[in-house]
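I have placed the structure first, in the form of structure tokens, so that the comments after it can refer back to it.
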Amino acid sequence: MKPASTYREPAKDIYANRERWAGAGDGKTVVVTGANSGLGFFASLALAQAGAKVILACRNQSRAEQAMAQISARVPEADLALMQFDSSSTSSAVGLAAELRSQPLHALIANAGMIRTPQTRQPGLLGCEQVMSTNFIGHARLVGELAERFASPMRFIGLGSLSTRLLATDHENLDLAEDYHPYRAYVQSKAAVQAFTLALDHRLRQLELPARSLAIHPGYALSGLTPQVPQINEPDYSKRLIGQLQASFAQGKHEGAVALVEAALAPELESAPRGSYLGPRYLSKGPITLARPVKATRGKALQSKVWELFVKANEGVDPFAL
């Protein structure tokens, strides 16, 4: 086993190089929210190739069925299941958790979210706007509902974003009641996910629980640099062109998905430092390595505010109270 301090993933292409993950998923059950497209689909494909049972937790059942068909076509022996999950709904989180209680659970990848954000502020959960609700609050309730599972060595994987380095997050205005902007809404929602995931890992250590909470970011991943998959990824000429123009600092969705799969399966991460954060070595692309998140998501101010939202999402109960 490689020391955690030198941890890296040598192969990016989940199609051309599967040796590292071969058999790593045997006997494991991994839930991927938003698994019907983008990073979620390609992570699910790689996890199935690694031998894991993959539960695709998706809002749109027909699109999820298409994704399952495409994975099965590439991995005939894949063990797949479909469950309903709308990450903008706490009641949907409660329903998914109820289904998962009858399943073994080794990793939960909180991938579902909103990328194309509304131009004007749309009301969401707990007084927040729609983007924060979809990208963070629904998953926060799901984690709370599954808190008892963290007494086992499972992994929660929260998707942060490279965008948190590009725009500051205002921990006093997470609901964006003022100064709403679609890009700010996206960045702050991802900063919330990132801060919560890091805070949860430290709380698990305080409680002496064996589970891990791992924050990751997938780099800058574009559909135009991603292999074509019918009904899943079919970029037109313009997207392909844009992808090629940015290829020096961008990568495909299948390459961005490597961070998700590594976080779920890499044995080295059992001994990685608490509050670990994974991302591409060259920031926007490249082999996956232990990285350093932006200061705000490591700081007490944002983590405290996000933890307050987590408790509110769970009806005022802290499932990981000290």
Less than 4.0 angstrom from a charged side-chain N to a carboxylate O is my criterion; do [X] and [Y] meet it?
X	Y	answer
D179	R184	no
R203	D318	yes
E145	R141	yes
E178	R121	no

Expected output: side-chain [X] to main-chain [Y] donor-acceptor under 3.5 Å:
X	Y	answer
T117	P182	yes
Q84	S92	no
T164	G160	no
S284	A250	no
T33	A112	yes

For the atom pair [atom1] ([X]) and [atom2] ([Y]), what is the distance rounded to the nearest 0.5 Å?
X	Y	atom1	atom2	result
Q228	Q231	CD	CD	11.5 Å
Q194	T169	CD	OG1	9.0 Å
L278	H217	CG	NE2	9.0 Å
C58	M68	SG	CE	9.0 Å
L162	K285	CG	NZ	13.5 Å
L146	L96	CG	CG	7.0 Å

Min side-chain heavy-atom separation R274-L204 under 4.5 Å: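 Yes, close enough: below the 4.5 Å cut-off.
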Heavy-atom distance under 4.5 Å between the side chains of K190 and F136, does that happen here?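 K190 does not reach F136 side chain to side chain.
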Do [X] and [Y] share a hydrophobic cluster (ILVMFWY, side-chain heavy atoms under 4.5 Å, transitive)?
X	Y	value
Y186	M132	no
I216	F196	no
L265	L45	yes
V30	L214	yes
L105	V32	no

Do the side-chain N and O atoms of [X] and [Y] include a donor-acceptor pair separated by under 3.5 angstrom?
X	Y	value
Q246	S248	no
Q70	R74	yes
S189	N135	yes

Taking the six-membered ring for Trp, is the centroid-to-centroid distance between H139 and F85 below 6.0 Å?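 Distance test on ring centres: under 6.0 Å, yes.
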Please work out which of the three classes, parallel, tilted or perpendicular, describes the rings of F320 and F310, given edges at 30° and 60°.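 Judged by the thresholds at 30° and 60°, the geometry between F310 and F320 is parallel.
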Might you work through the side chain to side chain contact (heavy atoms under 4.5 Å, CB included) test for Q103 and M83, ending with a clear yes or no? CA-CA 12 Å; Q103 301 276 340; M83 293 185 182; 3.9 Å; yes
As a quick check of understanding, evaluate salt bridge (charged side-chain N to carboxylate O under 4.0 Å, His left out) for K239 and E234, giving each step before the final call. CA-CA 9 Å; K239 286 187 177 180; E234 298 179 294; over 6 Å; no
